[in-house]
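Encoded as structure tokens, the structure appears first; notes follow it.
Keep in mind that this is a model prediction, so the values were computed, not measured. Labels below follow one simple rule: chain letters A, B, ... track the order of the sequence lines, proteins then strands, and each chain is numbered from 1. All values below come from the heavy atoms of this structure, side chains included, with hydrogens, waters and symmetry mates left out.
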Amino acid sequence: MNRPLVWFFLSLLCTLQTLIGQEKFTLYGTVSDAASNETLIGVTIAIPELQAGVITNEYGFYSITLPQGSYQISISSIGFKEIIKTINLTKDTTLNLQLTEEAEQLEEIILTEDIEKLDIRKPQMSVNSLSAGSIKKIPAILGEADVLKSILLLPGVTSAGEGASGFNVRGGSVDQNLILLDEATIYNSSHLFGFFSVFNPDAIKDLKLYKGGIPAKYGGRVSSVLDIYQKEGNSKTFKANGGIGIVSSRLLLEGPLKKDQGAFLLAGRSSYAHLFLPLFDNDNKAYFYDLNTKLNYRLNKNNNLYVSGYFGRDVFSISNSFVNTYGNSVINLRWNHLFSDKIFSNLSLIYSDYFYGLELDFVGFKWNSGIQNFNVKYDFKHYISNDLKLNYGVNNTYYRFNPGEIEPNRSDSGITPRELINKYANEFAAYIDAEHKVTKNITLQYGLRWSNFIRLGQEKLFIYENDQAVDFNSDFQIYESAEPIGIERFERDAQIASFNNLEPRLALSYAINDLNSVKASYNHMAQYLHLLSNTSSPTPLDVWAPSGKFIQPQILDQFAIGYFKNLKNSDYSFETEAFYKNVKNRIDYIDGANLIANDAIEQVLLNGKMRAYGLEFMLKKSGGNFNGWLSYTFSRSEQKTPGRTALETGINNGKWYTTSFDKTHDVSLNTSYDLNEKWSFTSNLIFQTGQPTNYPIGNYEYQDLSIPIYGERNKQRLPSYHRLDIAATLTPRKNKRRKLQSQWVFGIYNVYNRKNAASISFGRNEDTSNNEALRTSIFGIVPSVTYNFKF
Amino acid sequence: MKKQLVYFLFLLLLSSCQDVIEIDTPSTTPRLVVDANFNVYTNQNPSQVEGSIKLSLTTDYFDIEKKPINDAQVSITNETDGTVYPFTAIDNSGNYKSPNDSFIPEFGNLYRLNILYSNENYSAETVLIPSVPIHKVTEGSGSLFGNDDTEIIVEFTDDPSRNDFYLFDMDFNEFLTTEDEFYQGETFVFSYFYDNLSSNQEVTIKIMGLEEQFYNYMNNILEQSGEGGGSPFQPTPSTIRGNIVNTSNSANFALGYFSISETYAYTLTLN
């Protein structure tokens, strides 16, 4: 970072000291749900008289420092009854608060809260949050409420198509999203290739998606942060809820470990074992399951302990000759500690692992690959004054990468056991981030993250002439793997490569008045891990590779500006943002690169770059019987890999080409209407420009095969994508009088049965021997019914 | 193969949702295509050679009419001893053969293909690449994706002294590439599944030795010729360049490949 910026930070911090001086006391505590003791995130504690306020953090904690005096405070959160309390502040005071839900129904399922109400004065921009309630209300394919499919309705978020895994934020790729489940990194967010996400909506309390202006607390991925918090469990009474759907069934159990002090939560979800049985006439299985667990225990006023776990797997098995298993597992131990009424801290110890296993009996081998990491982080939130809050902390992650192990699966197999070279790395980061109200109308959030990545020693590393692992064959104008000229061996504690990056973040909000504000942000970030994937959407067997001697870290610069407006009693809000981002060192692949079981991955990689820009609009209505949002995104996402010298062609002749998930126009309209206590309705209407694709520009025959010729990359587009989904929720009236409460959700996905092309492929018709274009559409009209219960 | 499996699975999930559509594809200027593969059966005495040189021009993707080239001057030179084998057009389908099949490649020689077409010279070089015999091919009783499957089991022993790249011609225009990285020097057995074969049908399996560049080329060709289409798990396609160089005008490059493979075949009659 340059020197003026450092001075800027320092001088800002200094001006604060002068503001602190008169007799002040701190009001602090936790806000929770009266029915379950579940802590509540994002609750506003406002002191209208002083025009001051604070919002509860991820653990429900708040702290605010006020001059001595008597105040009326209001505690409010959408979906809960507002509390007005008068307090006389004469000393530092603990005030734990409990809110009661407005509608006494199936609170997890009824819409309690829409997208977060717009906070005009907060500099944080480019963020969307959704509650589990909102997610469950959105009509979903086969009635499976889905976290990732829900966020695709937000501006700036797309995917490479209906069956594609993961999601793309502001033109970034899938591996550039940091996905955190209770602070632990999740490496693969999809079940069944991408049809469903790995998060059980029953177990989730809240999620936040940062598309830009990412605070210094987060790092390691350059595009976005999806921060998901699991529910803690009910420490008042034992509760169960669940659902039975077409694809899967769910059950969640929660209850006190010790009343009002500790709770457990156990949530399981499993799809049916023969999910796509009609398509097979053999002994086949295709299913997924996941398990979420959480324990929390309040040791005393200042200390809380949490244990969270996640375990999920997908299993495919065909006639026992093909068995494929993959999934994430996470275990996480956290300790919340209050150092003082103003300093909240959280220490996390996390183990996270992604496993991919494959057994192919017909060629006689077993294969597994994966990534494991151990992560320690210590985060502090320091409520210095009403005008200044600091977040600071450290984070260390140790990685082990297993690019693959192969072994024979039976004694007569010719396969020789072999382990590809394991890779190791350590990533350390320290950060400080300030939320600083400079004047009544100007608020700043600025921070700095220092990240250090060390590629640790591995058994062996190939050496190449001039350190070039890829050669360009000028005769045939193709890239080829270079022959190693030697092997270097390392001890585990040796450093093969080391990178340091200073990552400044800056966000500013200027409130024009109570209803209008403009915001701007800049973030600079580094990403040291790369998912090796040369397909339009990542597959479960793609492996992660660390930066090192041959792979440079991805470096992002993103700028965004926005205008935010609240209309008419704040029920309506409007926001628009423009962004531009630039990623250096985006890896690209030589044609025909084999990324799996490749011990020298550097031999197929080229160094490129990426850029994206766009404009996002969102109009929301929250509150009332009728609510929802309309979002529109205009954007472009491109990649470029020039030749390393003037003689080389690069990829796509060194020209910019659109990424496979680029969508020029993306519109979605989500509405929800509560007719009465019994019925409520929701709908989605979606329109998107078709994704880039490639049509052959010619054809020839070679060895009696029909070979297409392709020109420049991603020049054509699939037809426009659009569809309408609707859902109706029936909550029977008799619920009120009984313990078992039930609910039916009826849905229709793609109501007008549009055959949206997921891809257009080209090949020779077996009968006529003529070439033809084949359209694959994934979902036509799909009706569904889901039964949810709770007791 | 590993990635193909993923989209094979994926397709299986979606097999019912495909339909043929009309599309206008772009056009481009035609290029020369050279299909020059020779299979050498060294276990015969003298060695038997199968193959020809086939020349054509590329067409638009949906053109039904092919564009064979019959007026090129074609020869292969044994660069090691200087012998020139002229090739002449034998019909109007663009096939060129050496008279009396005198072209019998041997190990240790460098062969150069020379083509003069439309006042431009094209050339390519290759050597005879060794292979290994197939021990046996048997019919199995297993099935992978349906009861109409026919399983055949192929067994061969890899040569421990070198890194091998193989192409299996599984008959019926089905091909399979494999390299010995994970079974170096071992006897390797694998199953292959056919759809809808009738009983008493003859199946001939061939194993050919490939140089690494040709192995990569075949992988790309097989991937782009339509196998595994229709899933998001395909790499972005591109023009696949072979080993033919236009020495007069490098920008007007030709497509296709010149290769010579030692080959072993095994014929099985199904029960």
Region of [X] in contact with chain A, defined by heavy-atom distances below 4.5 Å:
X	result
B:I21	both
B:V33	side chain
B:E181	both
B:L255	side chain
B:V154	neither
B:S27	backbone

Counting heavy-atom pairs under 4.5 Å to chain B, which of [options] comes out on top?
options	result
A:F476, A:Y700, A:Y589	A:F476
A:E712, A:K755, A:R713, A:Q716	A:R713
A:P692, A:G711, A:G364, A:G414	A:G414
A:N714, A:D599, A:D591	A:D591

Report which part of [X] has an atom under 4.5 Å of a heavy atom belonging to chain B: side chain, backbone, both, or neither.
X	answer
A:E480	side chain
A:I478	side chain
A:I406	side chain
A:R775	both
A:N694	side chain

Is the [X]-[Y] ring centre distance short of 6.0 angstrom?
X	Y	result
B:F182	A:F365	no
B:Y183	B:F190	no
B:F214	B:F165	no
B:Y217	A:Y702	yes
B:Y166	B:F156	yes

Pick from [options] with the largest number of heavy-atom pairs that fall under 4.5 Å of chain A:
options	answer
B:Q184, B:Q213, B:K54	B:Q213
B:V34, B:T28, B:D19	B:D19
B:T59, B:V189, B:D158	B:T59
B:D60, B:I244, B:D63	B:D60

Within a radius of less than 6.0 Å around NZ of B:K66, do more than 12 heavy atoms belonging to other residues, nucleotides or ligands occur?
yes

Crowded around A:N765 CG? As in, over 12 foreign heavy atoms under 6.0 Å?
yes

With distance as the sole criterion, is a donor-acceptor pair present between the side chains of [X] and [Y] under 3.5 Å?
X	Y	answer
A:Q477	A:T649	no
A:D361	A:N409	yes
A:D471	A:N473	no

Is a donor on one side and an acceptor on the other found under 3.5 Å between the side chain of A:S165 and the backbone of A:P538?
yes

